[in-house]
J.: 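Have a look at this one before I ask anything.
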Amino acid sequence: MGKRKLKTQATETTNLKRKKSKKEVVLESIVKSDAPVERQTKWTNKQRALIFSSRGISYRTRHLMLDLRTLMPHSKAEPKMDRKDKLFIINEVCEMKNCNKCIYFEGKKKQDVYLWVSNVPKGPSAKFLVENIHTMSELKLTGNCLRGSRPLLSFDKNFDSEPHWQLLKELFIQTFGTPNHHPKSQPFTDHIFTFSIEDNRIWFRNYQILEEEDGSLAEIGPRFVLNPIRIFAGSFGGATLYQNPHYISPNDYRRALKRQKADKYSLKVEAKEAAKMRKPEVSYALDPTDLVFNTVSQEDFQKKK
């Protein structure tokens, strides 16, 4: 019993010594306005985006996907998905990867690229046709930014004009915006993501902030154009909230071009036939009295026989 008492007394004395050695932090009663505000160091925004694609995409689309992964430190990667699989399987993949946002590139006919942006698992989700793709390595632009830095998101004022643009704006903010104090992000901002609406399409650009005073920018890349097709209530499916009436599918566009070429050929054939019909058998006028004084020889008479 005596040994146990001695041990408990020794532990109590060591704890008292540790408490005395620690300096007590006393807050000031008056805070000056020039004093720096303490930043929140806890990572509260747990947004994670899964970025991957289907099989059969082109090299340009693959480079665009890799550029988005480098620019978004809160993104995660996944191997390519088979084109035969249904889209709702992506919700299960996001759940396994612990992601609540998804950017999925879907390639068709090795020339058409579709982009899905979804809020997993309850939605909404939007499907776009990707046009005019230019990657960072292709453009050779002068801008540059640190890897992992948080971007500023700049939206056109037209995003507040109609409800479907407002919904897409909120979806882009939650997907492309890097959460504050993310472990893989840098604690400063040196580039801007701009989303602008023109010709019923969304134009994406990435700029570097050169100087904060005059607001000079330099484009980094990548750049692409999103043509909205549909907005669904669920994740990768569900009820249709919006359908773009100005959208023309790539198949219809290529079919129209072929029809124009076929119409050109048919018009040429019709023009030739009309020219033949209009062409007279005799190209100049003849006077029948000119043959009165022509003498017929015996050879001409025999030839007629």
J.: For Leu129, what are the other residues in its hydrophobic cluster, where any two members join if their side-chain heavy atoms are less than 4.5 angstrom apart?
T.: Tyr114, Ile229, Tyr247
J.: Give every residue pair that meets the salt bridge (Lys or Arg N to Asp or Glu O under 4.0 Å) criterion with at least one member in residues 73-99, sequence neighbours excluded.
T.: Glu78-Lys97
J.: Which salt bridge (Lys or Arg N to Asp or Glu O under 4.0 Å) pairs, counting each pair once, include a residue from residues 49-74, with sequence neighbours left out?
T.: Arg60-Glu138
J.: Does any pair with a residue in residues 185-205 pass salt bridge (Lys or Arg N to Asp or Glu O under 4.0 Å), and if so which ones, sequence neighbours excluded?
T.: Glu131-Arg201, Asp199-Arg201, Arg205-Glu219
J.: Taking transitive links into account, so neighbours of neighbours count too, which hydrophobic residues share a cluster with Ile192 at under 4.5 Å side-chain distance?
T.: Leu152, Tyr207, Ile209, Leu217
J.: Under the rule for ring pair (Phe, Tyr, Trp, His ring centres under 6.0 Å), what residues qualify as partners of His191, not counting sequence neighbours?
T.: Phe193
J.: To which residues is Phe188 joined in a hydrophobic cluster, defined by side-chain heavy-atom contacts under 4.5 Å among Ile, Leu, Val, Met, Phe, Trp and Tyr, whether direct or through other members?
T.: Leu146
J.: Does Phe52 have any ring pair (Phe, Tyr, Trp, His ring centres under 6.0 Å) partners at least two apart in sequence or in another chain, and if so, which?
T.: Tyr104
J.: For His63, what residues pass the ring pair (Phe, Tyr, Trp, His ring centres under 6.0 Å) criterion, not counting sequence neighbours?
T.: none
J.: Enumerate the residue pairs fulfilling salt bridge (Lys or Arg N to Asp or Glu O under 4.0 Å) with a member in residues 164-181, sequence neighbours excluded, ordered by first and then second residue.
T.: Asp160-Lys169
J.: Sequence neighbours left out, what pairs pass side chain to side chain donor-acceptor pair (under 3.5 Å) with at least one residue falling in residues 116-125?
T.: Lys101-Asn119, Glu106-Trp116, Ser118-Ser235
J.: With a 4.0 Å cut-off on N to O distance, would you call Lys109 and Asp112 a salt bridge?
T.: no
J.: Hey, can you pull the donor-acceptor pairs under 3.5 Å for the side chains in residues 273-280, sequence neighbours left out?
T.:
none

